Colleague: 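My structure is below; once you've seen it, I'll send some questions.
Computed from a prediction, not measured in an experiment: that's the story for all the values here.
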Amino acid sequence: VPALARAASSSDPAVKAAALSALVNVGRPAGLWLAAALTAASARARAGAAALLAAMPAPPEEALEALAAALEDPDGAVRENAAAALAAFTPEIMNTLPSNLLPALSKTAAAGAKESGPALLALVRTGRAQGERLAQALRSADPRTREAAALALLLMFPPPQEAAASPPGAGTEHAEA
């Protein structure tokens with residue numbers, strides 16, 4: 001698995017695609033190895049592991065909890081790649097995310113950073129999106145976060161009552177002068 005992970009970081013698109021395909025075919029061992037790499041001492045190694053998981057068409061289920069925990073990483077690239085990987089999971093898999101990891105996902109979704117958009121999508125896919133977090137994201141100063149929150153609400157029916165009661169622009173910090 002380590003050799004495939006290195007190959008998946010190749011600048012050669014054909015090598016990268018073949019390595020990612022092989023990692024997906026390896027399945028559980030690859031997921032376990034990459035999940036363990038999310039706790040490495042090096043931020044570069046953690047970000048790389050999360051990026052590889054995000055690049056997979058269907059990240060291995062074994063990495064789900066480690067990716068959710070990586071949303072609290074001090075490194076922004078790790079958080080961004082972890083959020084992107086979580087957004088790639090199917091709703092059926094995201095629905096198995098333990099409840100104790102939902103606050104980190106909700107916090108990331110409402111943070112107004114690069115990782116907020118994918119985190120919002122992942123949160124919606126859990127089937128347990130919190131309306132107050134989406135309402136908070138709709139009022140964010142960051143336009144990407146507002147856009148992601150609006151998209152997340154479009155994917156939900158019916159939308160959470162708290163978010164539906166908080167239209168964009170009402171009492172926000174980002175109102176134009």
Side-chain angles (χ1 to χ4, degrees), residues 1-129 137 142 144-145 147-149 151-152 154-155:
V1 173
L4 287 173
R6 281 191 299 279
S9 298
S10 171
S11 58
D12 181 334
V15 171
K16 186 175 193 162
L20 280 172
S21 177
L23 282 169
V24 169
N25 289 335
V26 168
R28 181 176 166 78
L32 293 172
W33 189 87
L34 290 169
L38 290 171
T39 62
S42 162
R44 184 173 179 219
R46 294 190 311 273
L52 286 175
L53 288 162
M56 291 179 163
E61 248 180 276
E62 292 77 21
L64 181 65
E65 288 187 37
L67 284 164
L71 293 173
E72 307 236 43
D73 195 280
D75 187 83
V78 175
R79 292 190 308 270
E80 182 179 354
N81 292 337
L86 286 167
F89 282 102
T90 65
E92 294 77 23
I93 293 173
M94 285 303 293
N95 198 17
T96 66
L97 186 70
S99 294
N100 65 319
L101 295 173
L102 282 174
L105 187 56
S106 294
K107 179 181 169 190
T108 303
K114 285 182 182 179
E115 59 269 19
S116 294
L120 277 165
L121 181 56
L123 183 61
V124 169
R125 287 184 175 182
T126 67
R128 298 174 277 171
D142 179 56
R144 294 174 306 201
T145 301
E147 182 180 349
L151 176 61
L154 283 173
L155 297 173

Colleague: Are Leu53 and Leu86 side-chain neighbours, meaning at least one heavy-atom pair lies under 4.5 Å?
Modeller: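 No; the side chains remain at least 4.5 Å from each other.
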Colleague: Taking everything shown except Glu61 itself, do over 12 heavy atoms lie less than 6.0 Å from its CD?
Modeller: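 No, CD of Glu61 has 12 or fewer neighbouring heavy atoms, counting only those of other groups under 6.0 Å.
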Colleague: Work out which heavy atom in Val78 is nearest to a heavy atom in Ala50; give both atom names and the distance.
Modeller: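 That would be O-CB, 4.1 Å.
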Colleague: Rounded to the nearest 0.5 Å, how far apart are NZ of Lys16 and CG of Asp12?
Modeller: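 Going from NZ on Lys16 over to CG on Asp12, the span is 10.5 Å.
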Colleague: May I ask you to decide if Ala104's main-chain N or O and Thr108's side chain share a donor-acceptor pair within less than 3.5 Å?
Modeller: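 Yes.
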Colleague: Determine the minimum heavy-atom distance between Pro29 and Val26, stating which atoms define it.
Modeller: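 Looking at all heavy atoms of both residues, the closest pair is CD-O, 3.1 Å.
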Colleague: Specify the closest pair of heavy atoms between Val15 and Ala7, including all atoms of both residues, with the distance to one decimal.
Modeller: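 So the two residues come closest at CG1-O, 3.7 Å.
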Colleague: Locate the shortest heavy-atom distance separating Ala63 from Ala35; write the atom from each residue and the value.
Modeller: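 Heavy-atom minimum between the residues: CA-CB, 3.9 Å.
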Colleague: On a heavy-atom basis, which atom in Leu23 and which in Ala8 lie closest, and how many Å separate them?
Modeller: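 Looks like CD1-CB, 4.1 Å.
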Colleague: Can you name the nearest heavy-atom pair linking Ala54 to Asn81, along with the distance?
Modeller: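 Closest heavy-atom pair between Ala54 and Asn81: CB-O, 3.7 Å.
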Colleague: One pair to check against side chain to side chain contact (heavy atoms under 4.5 Å, CB included): Leu67 and Phe89. What are the steps and the verdict?
Modeller: CA-CA 11 Å; Leu67 284 164; Phe89 282 102; 3.6 Å; yes
Colleague: Does a side-chain heavy-atom distance below 4.5 Å link Leu52 with Pro59?
Modeller: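 Not touching, per the 4.5 Å side-chain cut-off.
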Colleague: When rounded to the nearest 0.5 angstrom, what is the spacing between CD in Glu115 and CG in Leu105?
Modeller: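 With rounding to 0.5 Å, CD (Glu115) is 11.5 Å from CG (Leu105).
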Colleague: Under 4.0 Å between a side-chain nitrogen and a carboxylate oxygen: does that hold for Asp73 and Arg46?
Modeller: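 A salt bridge links Asp73 with Arg46.
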